[in-house]
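Computed over heavy atoms, backbone and side chain alike; hydrogens, waters and symmetry mates excluded. This one's a predicted model, so the numbers in the text were calculated from it and none came from an experiment. For reference, positions follow the sequence shown, starting with 1.
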Amino acid sequence: MARSHITLAALATAAVPGFDPVHAQAFSTGQHGDFFSAVVTDGAGRQLIVRVPNSAEAEAQLGAEKFALETMSAGIRSRLNFDAPMPVGKAALGKTFGLVFDFLPGTALSLADFTEESALATSVGGAIASIHSLPTHFVSDAGLPSLSAAQVQRSVSETVSAAKATNLLPAALVVRWTEAMEDSSLWLFDPTVTHGSLGADSFLIGNDSVTGVLGWAALRVADPAADMSWVINSSIASQNAVFAAYTQSRHSLVDPKLRQRATLYSELELAKWLLHGVDSHNAEIVDDAISMLDRLVDSVHQE
């Protein structure tokens with residue numbers, strides 16, 4: 001059931017004591033359809049964003065994000081070089097609920113914004129480094145997932161094995177991914193705090209710099225390379241700028257195989273798409289995944 005911006009404005013009033021809206025408008029990043037959202041403004045100019053999930057999966061995601069953001073104390077947030085959303089209220093709406101956050105201004109990043117003339121790639125690298133430099137104890141103390149390098153390797157190995165079991169992987173990728181799993185030096189890394197689901201549209205930008213990061217539902221301690229995998233889809237020049245800025249920000253703490261694992265994670269997104277198609281018995285998704293895997297083989301051979 002669709003939720004109008006008027007309904008969401010009323011929810012903000014119920015969720016935030018003393019908030020008296022004078023204007024509301026529907027809001028969308030154009031990237032996801034999991035939530036109904038509206039930006040609501042009061043007479044003093046304060047802006048809030050209201051989000052209501054439209055499915056059970058989105059409801060779980062929104063609840064997880066609220067919990068993750070509430071674990072981030074003022075001290076933790078002060079270590080980040082950008083803003084993270086701040087939950088300010090919650091109210092029931094029918095059989096579900098809505099969450100209210102302070103609105104973070106900015107424009108969603110796209111890979112097309114990564115140009116040689118732009119400083120965005122450098123800013124993104126520094127922003128990711130600030131996440132990975134957070135103390136891990138605040139995540140583990142909150143009971144959020146905390147994975148060792150061995151656990152990460154085992155999880156990735158399970159994905160590779162499942163994809164191989166479909167008998168739909170090109171032979172070149174079977175060899176490539178198996179060698180990666182068997183390379184013990186690839187998995188000698190120190191787990192860090194990770195965002196867990198970073199993509200280009202996780203970043204809000206303004207004036208060629210990152211101003212905010214959204215979507216914290218998968219906050220955990222894990223492999224820092226997982227947060228870098230989406231960067232592999234950008235140009236080589238942009239990749240170089242992101243990884244260089246990241247390395248400069250983290251100094252000697254960066255492991256030498258970070259980019260190699262990020263590349264592996266990027267490639268395994270295709271394996272996960274294939275597995276999704278197989279598990280859901282969706283021939284269209286399977287065919288799409290196979291086509292992308294074949295293009296990946298061509299790209300690997302060109303390298």
- Taking His195 for its side chain and Leu214 for its backbone only, find out whether a donor-acceptor pair lies under 3.5 Å. yes
- Item | Pairwise salt bridge (Lys or Arg N to Asp or Glu O under 4.0 Å) hits with a residue in residues 208-227, at least two apart | Asp223-Arg261
- Task: Please identify each residue that fulfils ring pair (Phe, Tyr, Trp, His ring centres under 6.0 Å) with Trp177, with sequence neighbours left out.
- Result: none
- Message: I'd like to know if Leu111 and Val210 are part of one continuous hydrophobic network [Ile/Leu/Val/Met/Phe/Trp/Tyr, side-chain heavy atoms within less than 4.5 Å].
- Response: yes
- Hey, what do you get for CZ (Phe138) to CD1 (Ile76), rounding to the nearest 0.5 Å? 5.0 Å
- Query: Can you name the side-chain contact (heavy atoms from CB on, under 4.5 Å) partners of Ala180, sequence neighbours left out?
  - Reply: Leu186, Leu264
- Message: Which residues pass the salt bridge (charged side-chain N to carboxylate O under 4.0 Å, His left out) test with Glu65, not counting sequence neighbours?
- Response: Arg51
- Where the side chain of Gln153 meets the backbone of Met181, is there a donor-acceptor pair that is under 3.5 Å apart? yes
- Item | Nearest heavy-atom neighbours spanning Ala129 and Ser249 | CB-CB, 3.5 Å
- Sequence neighbours excluded, the answer for side-chain contact (heavy atoms from CB on, under 4.5 Å) partners of Ala162 is Leu275
- Task: Look up atom CG in Leu62 and atom CZ in Phe35, then write down how far apart they are to the nearest 0.5 Å.
- Result: 5.0 Å
- Message: For a quick check under 3.5 Å, do Ser133 and Ser130 share a side-chain donor-acceptor pair by atom type?
- Response: no
- Can you sort out the partners of Glu59 under side-chain hydrogen bond (donor to acceptor under 3.5 Å, both in side chains), two or more places apart, ordered by chain and number? Thr96
- Locate the shortest heavy-atom distance separating Phe189 from Pro224; write the atom from each residue and the value. CD1-CD, 4.0 Å
- Task: Specify the closest pair of heavy atoms between Gly277 and Val286, including all atoms of both residues, with the distance to one decimal.
- Result: C-CG2, 3.4 Å
- Sequence-distant partners of Phe103, ring pair (Phe, Tyr, Trp, His ring centres under 6.0 Å), two or more places apart: Phe27
- Under the criterion side-chain contact (heavy atoms from CB on, under 4.5 Å), which of Thr194, Val124, Val242 is the partner of Met228? Val242
- Query: Any donor-acceptor pair under 3.5 Å linking the side chain of Ser202 with the backbone of Gly199?
  - Reply: yes
- Is it true that Val175 and Ile290 fall in one hydrophobic cluster, defined by side-chain heavy atoms closer than 4.5 Å? no
- So, does Glu269 use its side chain to make a donor-acceptor pair with the main chain of Ser266 at under 3.5 Å? no
- Task: May I ask whether Trp273 and Val174 are part of the same hydrophobic cluster, defined by side-chain heavy atoms of I, L, V, M, F, W, Y residues being less than 4.5 angstrom apart, directly or through others?
- Result: yes
- Going only through I, L, V, M, F, W and Y residues with side-chain contacts under 4.5 Å, is there a path from Ile6 to Val40? no
- Drop me the distance from Leu270's CG to Arg295's CZ, to the nearest 0.5 angstrom. 8.5 Å
- Query: Is the backbone N or O of Ser157 less than 3.5 Å from a side-chain atom of Ser161, with the two atoms forming a donor-acceptor pair by type?
  - Reply: yes
- Shortest non-hydrogen contact between Ala142 and Thr71, atoms and distance: CB-CG2, 3.5 Å
- Message: Would the distance check show the side chain of Thr211 and the main-chain N or O of Leu204 forming a donor-acceptor pair, the cut-off being under 3.5 Å?
- Response: yes
- Donor + acceptor pair across side chains of Thr263, Arg259 (<3.5 Å): no
- Just checking, any donor-acceptor pair under 3.5 angstrom between side chains of Lys257 and Ser185? yes
- Kindly write out the residues that satisfy side-chain contact (heavy atoms from CB on, under 4.5 Å) with Ala163, not counting sequence neighbours, or none if the list is empty. Leu169, Ala271
- Separation of His276 NE2 from Lys272 NZ (nearest 0.5 Å): 13.5 Å
- Query: Out of curiosity, Ser110 OG to Asp201 CG, how far, rounded to the nearest 0.5 Å?
  - Reply: 9.5 Å
- Message: Holding to salt bridge (charged side-chain N to carboxylate O under 4.0 Å, His left out), I want the full list of residues that pass it with Arg46, two or more places apart in sequence or in another chain.
- Response: Asp102
- Message: For Ala226, is there any backbone N or O sitting under 3.5 Å from a side-chain donor or acceptor partner on Ser229?
- Response: yes
- Query: Would Phe203 and Trp230 count as a close aromatic pair, with their ring centres under 6.0 Å?
  - Reply: yes
- Message: Under the rule for side-chain contact (heavy atoms from CB on, under 4.5 Å), what residues qualify as partners of Arg77, not counting sequence neighbours?
- Response: Leu69, Met72, Ala84, Met86, Pro87
- Message: Would you compute the distance between atom OG of Ser234 and atom CG of Asp113 and round it to the nearest 0.5 angstrom?
- Response: 11.5 Å
- Task: Check salt bridge (charged side-chain N to carboxylate O under 4.0 Å, His left out) between Glu158 and all other residues, then give those that pass, not counting sequence neighbours.
- Result: none
- Query: Any side-chain donor-acceptor pair under 3.5 Å between Asp288 and Ser291?
  - Reply: no
- Message: Just to verify, what does Asp20 make a salt bridge (charged side-chain N to carboxylate O under 4.0 Å, His left out) with, not counting sequence neighbours?
- Response: none
- Query: Honestly curious: do Leu188 and Leu258 fall in one hydrophobic cluster under the side-chain, below-4.5 Å linking rule?
  - Reply: no
